[in-house]
Amino acid sequence: MSRRLKVLIVPSWYPQADLPTHGVFVQQQAEALAAVCDVAVLHVPLARAATPAKVAQEGVLTVVRAMPPEQPNLSAFSRRLGNVRELTFSYRRACIAAFDQLHDAWGKPDIIHAHASIPASLGARILSRHLGVPYVVTEHQAEFLPESPGLRSSSGRIVPWMVRGAMRQADAVIAVSRHLADALTASGYSDDPLVIPNLVPGAMQPAQPFAVPANSVPRLAHVSLLSSYEKNIPMLLDALNLVDERGVECLMQLAGDGPDRAALEARASELGLLNRRVRFLGARSTREVRELFDEASFSIVSSRYETFSMAAAESLAAGRPVVCTRCGGPEDFVDESVGLLVRNDDSLAMADAVEWMCAHYEEYDPMALHKHAALRFSSDVVVNRLVELYWSILGGDTIGVGSDDR
């Protein structure tokens, strides 16, 4: 049995006091990885006020947080140049300074793992050179998908060039779905990305029987950041309106918050659905999201594009079928055995699927749906694949999940 690896996680997003769910899936994976590795997290977010690096023990993780020096206000003309300046100088210096603080408390890593390439891959590359250790990058970001507005639209040409260099120099690139892996290959960011999905904490928690009796109104769950374009909630509201006009009773509860919430509530009110067929619940914790799925009949994903879809995976882990648009990531694990895939951006197709699922959701076996998710997204499965990858890069033997060998 090999020794425990020391793994340094460098995330682009990570929970903070004012953003408790920001990058929570990275935190969850790091905590699961800590069962078999010594794990530290180095988080340097962009566009925040400058503060000195601070090391703290946060549960099972050693975490160092720092901020790059704040940049002056930039005109629209110079904003893109400012982004490059921050990524090239301020962010990289802050990463090295943060690690220097971490080193005294934690030591030197065997390997560095960046999550979301902008800006983390740039930080991982500079730390890799600084420390002489390999690094890998897990890509989560939708900007690389052909369906999205794209990275260049907001960052110009230089930032994609920088990121492409950092990803191609990585010892491995991981994509959280085949759809994202194909997009990274097509755009030249990686020749052959590995596909390792996100870890879903609920995949280890047994599913509950359907909570809604057969003679009650079906409950639909939708979980997202309420982005009108990416999550395509206006289309979903139109579909719910068609379902309502057909006389099919159901109640959709939307968990999450975002800049478009007020406009979406106004649209639901115009359609006569607000608080009758549609309820907006606001932001919910991981525990509260699982409770929402436990109480649901099925869930709905209406996105135009997804790199993975944590909501679809969490629904299946809870034993609830999914009605999902063909938006990329979910097509790795959603098929007719666990739900329905419908045409993208088609309110009539969505309405037909919702109407059918309202009548047939109880034909699905919650435990079978849970098993489908557990075989793909449980901590044992995902962590084993990550540790095997780390050791293959380092040229050593693999380590088994649950080992206490230090």
Side-chain angles (χ1 to χ4, degrees), residues 11-13 22-23 25-26 29 80 83 114-122 136-168 170 172-200 222-236 256 258-260 300-314 322-335 341-346 349-350 376-377:
S12 294
W13 321 302
H22 197 56
F25 52 89
V26 178
Q29 187 178 105
R80 286 181 174 174
N83 290 340
H115 281 270
S117 61
I118 305 169
S121 67
L122 304 177
V136 302
V137 178
T138 291
E139 190 53 78
H140 305 262
Q141 291 171 287
E143 284 85 353
F144 298 95
L145 297 178
E147 303 91 344
S148 77
L151 179 60
R152 184 175 294 181
S153 66
S154 60
S155 304
R157 295 177 180 269
I158 298 178
V159 170
W161 174 80
M162 294 166 61
V163 171
R164 184 176 288 108
M167 293 179 72
R168 294 194 69 86
V173 173
I174 300 167
V176 294
S177 68
R178 173 49 53 193
H179 185 61
L180 179 56
D182 291 344
L184 293 174
T185 300
S187 53
Y189 286 91
S190 177
D191 291 333
D192 189 21
L194 300 169
V195 177
I196 301 178
N198 283 322
L199 179 152
V200 177
H222 175 91
V223 180
S224 75
L225 296 177
L226 303 189
S227 165
S228 288
Y229 183 79
E230 180 181 348
K231 305 304 180 183
N232 209 1
I233 301 173
M235 180 276 291
L236 179 56
D260 297 329
I300 302 181
V301 174
S302 55
S303 305
R304 282 188 167 90
Y305 51 87
E306 290 282 354
T307 59
F308 175 68
S309 185
M310 184 64 78
E314 288 177 327
V322 183
V323 173
C324 183
T325 51
R326 294 185 178 275
C327 55
E331 290 163 62
D332 279 0
F333 57 90
V334 176
D335 57 29
L341 287 168
V342 303
R343 287 189 302 274
N344 207 322
D345 195 23
D346 188 328
M350 177 62 75
R376 292 162 174 78
F377 314 128

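Quick caveat, the model's predicted, so the values are computed rather than measured.
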Please list, chain by chain and in numerical order, all residues satisfying salt bridge (Lys or Arg N to Asp or Glu O under 4.0 Å) with [X], sequence neighbours excluded.
| X | result |
| --- | --- |
| Glu306 | Lys231 |
| Asp182 | Arg178 |
| Arg326 | none |
| Asp192 | none |

Taking the six-membered ring for Trp, are Tyr189 and Phe144 parallel (under 30°), tilted (30 to 60°) or perpendicular (over 60°)?
perpendicular

Report the residues that fulfil side chain to side chain contact (heavy atoms under 4.5 Å, CB included) with [X], sequence neighbours left out, ordered by chain and then residue number.
| X | result |
| --- | --- |
| His179 | Leu145, Glu147, Ser177 |
| Ala172 | Val136, Leu389, Ile393 |
| Ala120 | Val10, Ser12, Tyr91, Ala114 |
| Arg304 | Tyr229, Asn232, Asn344, Asp345 |

Residues forming a side chain to side chain donor-acceptor pair (under 3.5 Å) with [X], sequence neighbours excluded:
| X | value |
| --- | --- |
| Thr138 | His113 |
| Gln29 | His115 |
| Gln141 | Ser117 |

With a 6.0 Å cut-off on the ring centroids, do Phe377 and Phe333 count as close? yes

For Tyr305, the ring-ring contact (aromatic ring centres under 6.0 Å, His included) test, sequence neighbours excluded, returns none

Using a 3.5 Å distance criterion without hydrogens, assess whether the side chain of His22 forms a donor-acceptor pair with backbone atoms of Trp13. no

